Amino acid sequence: MASELARSIVLPEVNESSPAPRRGSGRRLWGDVWPKVAAIALILTAWQAVVWSGWQPDYVLPGPAAVFGRLAGDLGHLDFYVGVAITLRRALVGYTIAVAIGSVVGILVARVTLLRKAVGSAILGLQSMPSIAWFPLAILLFQLSERAITFVVILGAAPAIAAGLLGGVDHVQPLLVRVGRVMGATGLRLYRYVVLPAALPSFVGGLKQGWAFAWRSLMAGELLVIVNHQQSLGQRLQFARDLSDAEQLLALMIVIFVIGVVIDSLFSALDRSIRQRWGLLGGEI
Amino acid sequence: MASELARSIVLPEVNESSPAPRRGSGRRLWGDVWPKVAAIALILTAWQAVVWSGWQPDYVLPGPAAVFGRLAGDLGHLDFYVGVAITLRRALVGYTIAVAIGSVVGILVARVTLLRKAVGSAILGLQSMPSIAWFPLAILLFQLSERAITFVVILGAAPAIAAGLLGGVDHVQPLLVRVGRVMGATGLRLYRYVVLPAALPSFVGGLKQGWAFAWRSLMAGELLVIVNHQQSLGQRLQFARDLSDAEQLLALMIVIFVIGVVIDSLFSALDRSIRQRWGLLGGEI
Amino acid sequence: GSAAAGSPSDDGPMALRLGYFPNLTHAPALAGLDKGFFAGALGSGVTLETHTFNAGGDAVTAILSNSIDAAFVGPNPTVNAYTQSHGKAVRVIAGATSGGALLVVKPSIKSVADLKGKKIADPQLGATQDVALRWFLKSHGFKADTAGGGDVGVLPQENSQTLTAFKQGQIDGAWVPEPWASRLIIEGGAKILLDERDVWPQGRFVTTNLIVRTDFLQGHPKRIKALLEGLYQAVTYLNSNPTEAQALTNDTVAQITGKKLASGVVSAAWSHLAFTIDPLAPTLKASADHAHSVGLLPSADLKGLYELGLLNQVLVAHQQPVVSGL
Amino acid sequence: MSKVLELSEKHALSVEKLTMAFPHDGQLLLALEGTTLEVKRGELVCVVGASGSGKSTLLNVLAGLDLPSSGRAHVHGRVALMFQEAALLPWLTAAGNVELALELRGVKAAHRRELAHELLRRVHLEGFEKRRPHELSGGMKQRVALARALAQDADVLLMDEPFAALDAITRDLLHEELERIWNESRLTILFVTHNAREAVRLGDRVLVFTSRPGRVAQEVKVELPRPRSLDSPELAVIAGRITDRLKHEMNSRGE
Amino acid sequence: MSKVLELSEKHALSVEKLTMAFPHDGQLLLALEGTTLEVKRGELVCVVGASGSGKSTLLNVLAGLDLPSSGRAHVHGRVALMFQEAALLPWLTAAGNVELALELRGVKAAHRRELAHELLRRVHLEGFEKRRPHELSGGMKQRVALARALAQDADVLLMDEPFAALDAITRDLLHEELERIWNESRLTILFVTHNAREAVRLGDRVLVFTSRPGRVAQEVKVELPRPRSLDSPELAVIAGRITDRLKHEMNSRGE
Ligand SMILES: Nc1ncnc2c1ncn2[C@@H]1O[C@H](COP(=O)(O)OP(=O)(O)OP(=O)(O)O)[C@@H](O)[C@H]1O
Ligand SMILES: Nc1ncnc2c1ncn2[C@@H]1O[C@H](COP(=O)(O)OP(=O)(O)OP(=O)(O)O)[C@@H](O)[C@H]1O
Ligand SMILES: [Mg+2]
Ligand SMILES: [Mg+2]
């Protein structure tokens with residue numbers, strides 16, 4: 001070690017470790033909740049401050065009070081819930097099918113070299129195709145039916161899901177795959193028992209992105225078929241825009257945002273349980 | 001081992017390994033290219049077959065010849081290239097800023113527990129907000145300028161990029177983090193030298209999804225600011241749709257698709273180089 | 001009516017930001033810009049900045065948020081801009097286009113009575129044509145609910161989609177503006193069941209008018225008057241040179257949208273349109289009332305919407321009859 | 001085919017002029033060069049060699065995981081490989097890892113749990129069935145990997161430094177256990193270790209590898225009666241000879 | 001503070017009634033219970049213990065990576081830890097891994113390359129500087145990890161079975177190298193191993209751990225003159241005593 005590595009002179013430090021404090025579950029919950037509450041309060045305050053500053057007239061940028069008033073008004077109508085329910089149902093149906101298709105395509109492309117070479121790079125091409133480009137095809141194939149909407153949602157979400165899975169499979173540790181092969185797992189069994197579980201974290205990431213794509217495609221797709229007066233969220237959003245109704249638009253944005261947050265918490269729970277299993281939790285970075 | 005594990009009687013198998021054949025680089029290239037060519041040929045044939053079947057009149061579903069004729073016509077005009085260049089410039093500018101913002105937000109949310117609790121779940125909420133919802137805000141903040149478009153693009157892409165980074169950081173092997181900590185890396189240095197490199201694969205995945213979001217947001221956002229004589233792709237797409245011009249729409253879809261494939265090949269190269277470094281290549285799954 | 005005295009800022013160099021759609025129904029705007037009528041009338045002190053829009057909602061958002069000063073828009077966005085801003089933000093200062101909305105149907109539908117049980121498309125729930133269609137159906141004793149049911153199914157959807165759906169036989173007819181009506185006729189083989197002009201007195205109803213921000217109007221009356229002078233010339237030009245005007249309009253639209261309409265479509269559409277600087281205020285009011293009575297929109301008080309003093313000054317200068325608001 | 005079958009009566013494993021080159025930086029690194037060896041059915045053969053002499057590479061080729069650059073490697077029957085790293089699947093518990101091997105071997109679901117627990121008991125891990133790999137110590141992981149390899153119930157067992165992370169006592173116990181299992185079945189074992197005494201303790205023969213590129217430098221037949229004791233002087237003598245040879249190899253070729 | 005400074009003159013490392021419990025399945029598994037030990041500045045102390053007896057847990061706590069359930073662990077000065085797994089960063093080359101440790105220690109860029117190569121030479125890995133971890137053999141990885149730990153140039157070096165994957169000869173060479181480095185600096189080393197002879201070969205003292213929960217069962221002062229030879233009979237005698245004690249521990253507590 002000699003001279004090159006001569007230790008720099010440091011005053012002795014004391015690294016002292018003492019037991020970690022334990023907290024009650026009530027306090028833990030509060031610890032999870034208050035930052036969110038604070039963030040919301042902060043945003044509302046800022047928003048209100050901008051409104052009060054008179055930067056824009058209130059019909060262009062309405063204040064929180066007006067928007068939440070409007071939202072409360074919306075929430076007071078059964079119609080509104082029916083509309084949200086319609087949208088959510090469409091989202092779930094489209095998303096479920098997209099998950100199925102995306103997974104199968106993802107596995108096939110990952111597994112079959114020929115297929116990967118043939119269509120692997122088409123995935124991002126498909127993903128970057130805006131929903132409206134599919135509208136004419138959707139109508140051609142499914143006429144003016146809900147299925148046209150579902151079609152657009154699937155085309156939006158499935159590539160992201162396939163991409164997530166493909167990325168996960170590509171980054172599986174080769175050692176684990178070798179373990180599987182040595183244990184006699186080949187072909188689909190190798191996938192089922194080793195590759196897919198190992199790719200799960202990335203797949204969940206893809207599912208999350210897929211949801212966002214599905215949802216955004218749906219918001220556009222709901223304008224394809226306006227079947228009835230039970231206004232879906234996408235329609236409402238478009239009408240708010242057509243009517244330049246800033247209050248309504250903001251109220252709807254809040255609804256969409258909240259739905260996104262709720263869905264996120266589902267994915268987060270899934271992700272946490274995976275990380276728990278894999279022993280990726282607790283190591284505070 | 002005795003009775004429970006008594007080996008099933010199998011005829012002796014012969015696992016024979018012999019040297020892997022080597023191929024010339026010309027043949028390798030061809031091996032990469034022909035599946036794509038075959039896929040394209042297949043799709044064109046199917047398309048042409050559908051058109052010939054007379055399922056739909058040609059003004060609803062034009063054939064490949066008509067569409068490629070139209071595309072060739074478009075490609076013959078300087079205008080077209082100018083438009084594509086404008087769109088690409090906007091995409092790059094918006095995307096670059098989104099990468100910067102998304103990365104910073106991703107790191108902050110990953111690193112600062114308080115921030116994660118406060119806004120972590122807002123990311124999917126933001127991601128699922130359709131671009132059109134941002135239009136009024138974009139106009140408010142930036143008037144009818146290019147910056148309004150950029151704003152919409154950033155809001156589309158940044159959450160996906162942040163989510164990719166966040167997911168990557170969450171799934172870094174704790175052992176590697178511990179190695180970094182033992183070597184004296186704390187705080188930002190731990191991130192710079194250990195966490196971020198380890199999260200790179202997932203980050204690249206996020207970048208890819210972010211690009212798709214950016215691009216789709218751009219296609220919508222380009223309708224915000226329409227500059228005469230300089231038709232961006234988003235505008236062309238909208239006008240093709242407004243005019244029910246199926247030929248033009250399909251030609252544009254091809255252009256968008258090709259751009260997506262080209263961008264994908266950039267990301268794929270990046271991803272391959274990462275996998276190469278990490279030793280994730282070669283282990284045929 | 002406070003447009004008499006110009007404020008000092010009304011003389012210096014300035015910019016006027018004008019919005020319009022690349023559309024046949026915006027021909028006065030297109031001609032005014034392309035033939036230089038606006039620029040000529042405004043003089044060299046005013047830079048004319050133009051913005052093209054695709055949707056009325058965006059144009060209104062832009063005008064409400066002070067991103068543009070004036071815009072050619074349809075009656076629907078006009079009412080929205082006025083009511084959303086509690087009657088403050090905008091004023092209608094002139095008309096531009098009248099007519100150009102038709103009910104076209106499959107040839108098998110011979111009379112209004114045949115509409116029973118059919119599916120008719122229109123551009124958008126609560127839009128002018130939607131209101132007109134529902135009003136028309138109601139006055140002919142048909143029931144049409146907003147759920148697409150009733151004696152006649154009303155299906156609001158985008159115009160481009162309507163064309164495809166009609167060609168495929170998914171709908172039986174549509175109440176749409178030009179050039180869609182003519183495209184449905186020429187490309188889709190539809191025939192005219194009703195020209196909306198027939199249901200209005202004197203066959204005129206507002207399709208496009210010119211709105212301006214109230215502040216801008218009060219701050220720059222001279223400029224607005226000049227703009228109106230330009231518009232007057234543009235409308236006169238359109239009416240006196242129809243053939244040339246058709247070609248010009250088609251060309252300008254093509255410059256923006258990248259594709260010319262079939263010339264047959266333009267001339268057919270042209271015959272259903274009329275260009276007039278009269279904003280036809282009563283028809284806008286009537287349409288809003290109809291919307292209220294078919295249960296689509298809350299009743300709106302549009303009393304202060306029109307501000308036609310400057311327009312009338314221009315008309316008087318050209319020895320034309322003056323027009324009136326509400 | 002008949003020739004192969006005939007061969008297989010005698011040899012469980014045969015390697016002929018095996019060469020393995022890894023490309024790096026434009027050059028080729030020879031991990032194995034012209035390696036030739038044979039293992040008879042039911043034999044327990046140990047391989048010792050310097051670090052980096054290609055032992056793991058040889059096992060990987062034999063397990064069919066890598067293709068050699070040239071030469072041939074035959075294995076007759078089903079192969080199990082215990083990797084140098086424990087290589088447990090992180091999303092499965094200790095028992096789950098073993099059960100997966102059983103499942104892939106075709107053991108009915110009803111038996112798997114019981115069998116897995118029995119195997120874990122044999123490697124002295126009762127009570128740790130439900131733990132996940134990250135909750136196990138280094139030696140425990142390696143023992144789970146051993147249980148998993150045994151669960152495969154293969155004809156040929158390739159073991160890559162299986163007891164490197166174990167203390168002397170546990171290692172002793174597992175030596176006995178492995179010997180017992182090997183005695184009871186007609187299992188063929190190729191056992192890589194860097195511990196000459198362990199090699200002599202277990203092997204019918206010990207193959208000493210040259211330093212990189214790896215080749216069999218010496219073959220030592222161990223004719224001591226079983227069970228042998230790690231501490232017996234006869235064993236120490238043979239082990240000493242092997243160590244000397246290894247030292248000679250490393251000095252002559254440079255490491 | 002002055003008391004601590006005073007202490008630090010004598011002790012580089014002190015552990016007092018350390019207890020570490022891991023929750024599992026509603027129960028607590030005690031990995032360490034009431035462990036107490038002290039290591040003087042410049043001392044080289046070896047720890048032997050059964051698999052799963054909490055050795056790695058102890059080192060992790062000492063390195064400040066984990067918080068104990070109760071008790072105290074002091075380390076005076078900067079600590080380096082060589083993990084039981086090689087734990088190389090997979091995206092860096094062998095040299096890159098070492099250079100990172102140098103960089104984080106504050107070594108100027110100009111010197112890093114040279115120093116890293118020198119350190120790799122010391123662990124007998126010249127020529128492998130540019131290889132990435134997946135291109136190295138198990139023993140090579142462990143040697144890179146050693147070089148990286150040395151690169152940290154810490155005051156206290158914690159080593160968790162650092163030579164487990166090495167053949168006897170390479171291990172011998174590295175024993176000498178480690179002894180030399182330790183001699184030349186005032187480095188304090190806590191060396192975990194499962195090899196009693198290695199412990200006696202290197203340690204001033206050898207601490208024998210009880211089986212789980214780990215505690216110091218016996219302290220053996222090794223007073224043989226240095227340099228010692230692994231094969232010397234005196235060493236074998238002491239190692240034998242340690243092994244016996246270990247066996248006793250494991251039998252009495254059950255493992
Ligand atoms: N995937 C690879 N790419 C490049 N080189 C490799 C690869 N795998 C092994 N090598 C090289 O081959 C040589 C032999 O490696 P191998 O792992 O077989 O050694 P070993 O005998 O098992 O050593 P140890 O006892 O240290 O585990 C080493 O020099 C190593 O660097
Ligand atoms: N993160 C953890 N979660 C739960 N249990 C753990 C964890 N880490 C270690 N243990 C348990 O603590 C005990 C001691 O583990 P440790 O790794 O310290 O053993 P060790 O003495 O290093 O053993 P070896 O010689 O096998 O490496 C083991 O029973 C292990 O199962
Ligand atoms: Mg090896
Ligand atoms: Mg350990």
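Here is the naming used below: chain letters follow the sequence lines, and residue numbers restart at 1 for every chain. Values in this document were obtained by computation on a predicted structure and should not be read as measured data.
In terms of non-hydrogen atom pairs under 4.5 Å with chain C, the most contact-rich of B:Asp245, B:Leu223, B:Leu140 is B:Asp245.
Within the 4.5 angstrom heavy-atom criterion, no atom of C:Ala59 approaches chain B. With a threshold of 4.5 angstrom between heavy atoms, C:Leu64 does not approach chain B through any atom at all. With a threshold of 4.5 angstrom between heavy atoms, B:Arg241 approaches chain C through its backbone and through its side chain. Using a 4.5 Å cut-off between heavy atoms, B:Gln248 does not touch chain C at all. Heavy atoms of C:Pro22 lying under 4.5 Å from chain B belong exclusively to its side chain.
Here the shortest heavy-atom pairing between C:Phe37 and C:Gly230 reads CB-O, 3.5 Å.
The pair C:Asp172-C:Lys119 does not meet the salt-bridge criterion, since no charged nitrogen lies less than 4.0 angstrom from a carboxylate oxygen.
Counting heavy atoms from C-beta on, the side chains of C:Leu261 and C:Leu24 come closer than 4.5 Å.
Residue-environment remark: NE2 (C:His86) exceeds the threshold of 12 foreign heavy atoms within 6.0 Å.
The closest donor-acceptor contact from the side chain of B:Tyr95 to the backbone of B:Trp215 lies at 3.5 Å or more, if one exists at all.
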